[in-house]
**Q** 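Quick one: the structure is below, questions incoming.
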Amino acid sequence: MTTAVLSDLAAGAAELSVWPASTTRLPHGGLAVGGVSLAEVADRFDTPVYVLDEGEVRARCRTYRDAFPDADVLYAAKAFLSRAMVHWVAEEGLGLDVCSAGELELAVTAGFPADRIVLHGNAKSPRDIATALRLGVGRIVIDSPSEIARLAAAVGPGGHQKVMLRIVPGISAGAHEKIRTGTDGQKFGLSLTDGSAQHAVPRILGQPQLELTGLHCHIGSQITDVKPYVSALRRMVGLMARIRDAHGVVLPELDMGGGHGIAYRPGEPALDLTALARRLRAELTASCAAAGLPVPRLAIEPGRAVAGPAGVAVYRVLAVKRTAGQVFVAVDGGMSDNPRPALYGVRYAPRLIGRHSGAGPCTATVVGRHCEAGDILAAGVELPGDVRPGDLLAVPVAGAYHLSMASGYNLVGRPPLVAVGGGTARLLIRRETLDDLRSREVGD
Ligand code: LLP
């Protein structure tokens with residue numbers, strides 16, 4: 001092969017580097033995921049539609065299991081949850097992190113063992129707590145001082161519940177201010193610096209029906225560097241040692257949360273999971289040895305890195321407007337099915353699918369159909385210059401925090417979600433219809 005052909009191939013592979021591993025090119029510009037043509041999915045289920053590659057989700061679960069053989073890997077349900085997802089995650093040997101009665105109830109009624117579930121939340125409602133106790137959730141992560149007595153009362157004098165304590169370790173990490181949770185000055189957890197973490201420990205130990213199994217932290221989300229995790233772990237072990245010294249209690253568990261970053265566009269960095277596993281293990285062994293502590297059982301809580309790269313969102317172009325030197329390509333979805341660009345300034349790499357275009361590239365802004373100018377899905381992207389109404393655009397890395405964050409804005413209805421694998425497509429979640437929306441209207 002000539003060098004030119006090789007570099008063309010490399011460029012082609014790089015272009016698909018953030019797509020599910022099963023993605024293949026079809027003749028005439030099409031793409032298939034899990035052996036299913038995305039254009040066919042669009043025809044059969046209409047657009048916008050989310051497509052989720054079951055094989056990619058399972059492979060990502062297995063990558064975590066292999067990288068962290070001695071740890072509990074808890075999938076963070078907030079990234080995306082459905083009954084099928086619950087089954088895949090359970091079958092691949094992961095646990096689950098939930099943050100509401102809704103996520104918990106869905107998981108348990110789909111057959112997920114409650115004792116492998118951890119419940120989070122900075123403001124757990126009475127229903128969250130009642131559901132957790134009724135279903136026998138494995139651990140409840142205490143996130144504020146007032147929760148201790150409230151939880152103890154809900155458990156009752158004869159009852160028993162395993163709990164963890166969420167700590168703010170004072171480490172800043174995360175792709176955007178709105179998803180940084182490792183330092184003081186945000187709503188989650190108990191601070192190490194002002195002593196509220198240290199103060200909460202004896203109060204929990206003083207409640208006989210609560211069993212403190214360990215500490216938890218989640219320093220932020222979309223983190224692509226291993227270092228903040230290592231620093232946070234060192235501080236967490238430091239606190240475990242102080243708890244042993246002050247109260248004579250050796251905590252057997254340490255949950256380091258999730259936040260593992262992924263690439264949304266070709267060339268962007270992702271967190272190196274093998275390096276993370278190696279460095280966390282090394283730091284845990286060293287810090288525990290230095291403090292004279294036994295090594296606690298480690299847990300991690302990835303959400304995005306399990307589901308994100310397995311999903312693709314497919315839209316149809318409704319209008320193309322060339323104005324003031326700009327090209328606006330308007331699609332049939334937008335901020336109601338993906339609020340992430342508007343919320344965090346995330347950039348995506350949409351791609352024309354379903355037809356071949358020989359036209360030269362143009363720089364376009366892909367916008368949604370919602371009634372505000374901030375409804376931008378992807379600014380400054382290259383699309384074929386002849387992009388036109390009726391075309392299909394596919395956006396990779398749409399498996400996490402898309403459907404789970406979708407809203408009812410403008411009453412357009414949330415898109416369906418279709419699982420693909422082995423050459424077949426099956427509907428997991430149907431499109432939200434006007435009837436669904438109308439059925440909530442009970443007054444005049
Ligand atoms: N554990 C806890 C306690 C969390 O709060 C979160 C995410 C995770 C685990 C999972 O984090 P992940 O591995 O998925 O990054 N809506 C934002 C992300 C918010 C994350 C909130 N907590 C986004 O679309 O980027």
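Start at 1 and go down the list; that is how both ligands and their atoms are numbered.
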**Q** Quick one: list whatever passes ring-ring contact (aromatic ring centres under 6.0 Å, His included) with Tyr348, sequence neighbours left out.
**A** Tyr264, His402
**Q** Taking non-hydrogen atoms within less than 4.0 Å of ligand 1, which protein residues qualify?
**A** Ala76, Lys78, Asp97, His120, Arg166, Ile179, His216, His218, Ser221, Gly258, Gly259, His260, Glu301, Pro302, Gly303, Arg304, Arg340, Tyr344, Tyr401, Met405
**Q** Is the gap between the ring centers of His120 and His216 under 6.0 Å?
**A** yes
**Q** Do His160 and Glu211 have side-chain atoms, one donor and one acceptor, less than 3.5 Å apart?
**A** yes
**Q** What residue among Arg430, Arg431, Arg414 forms side chain to side chain donor-acceptor pair (under 3.5 Å) with Asp436?
**A** Arg430
**Q** Hey, are Glu253 and Arg139 close enough for a salt bridge, meaning a charged N less than 4.0 Å from a carboxylate O?
**A** yes
**Q** Between Glu54 and Arg58 (salt bridge meaning N to carboxylate O under 4.0 Å), is one present in this structure?
**A** yes
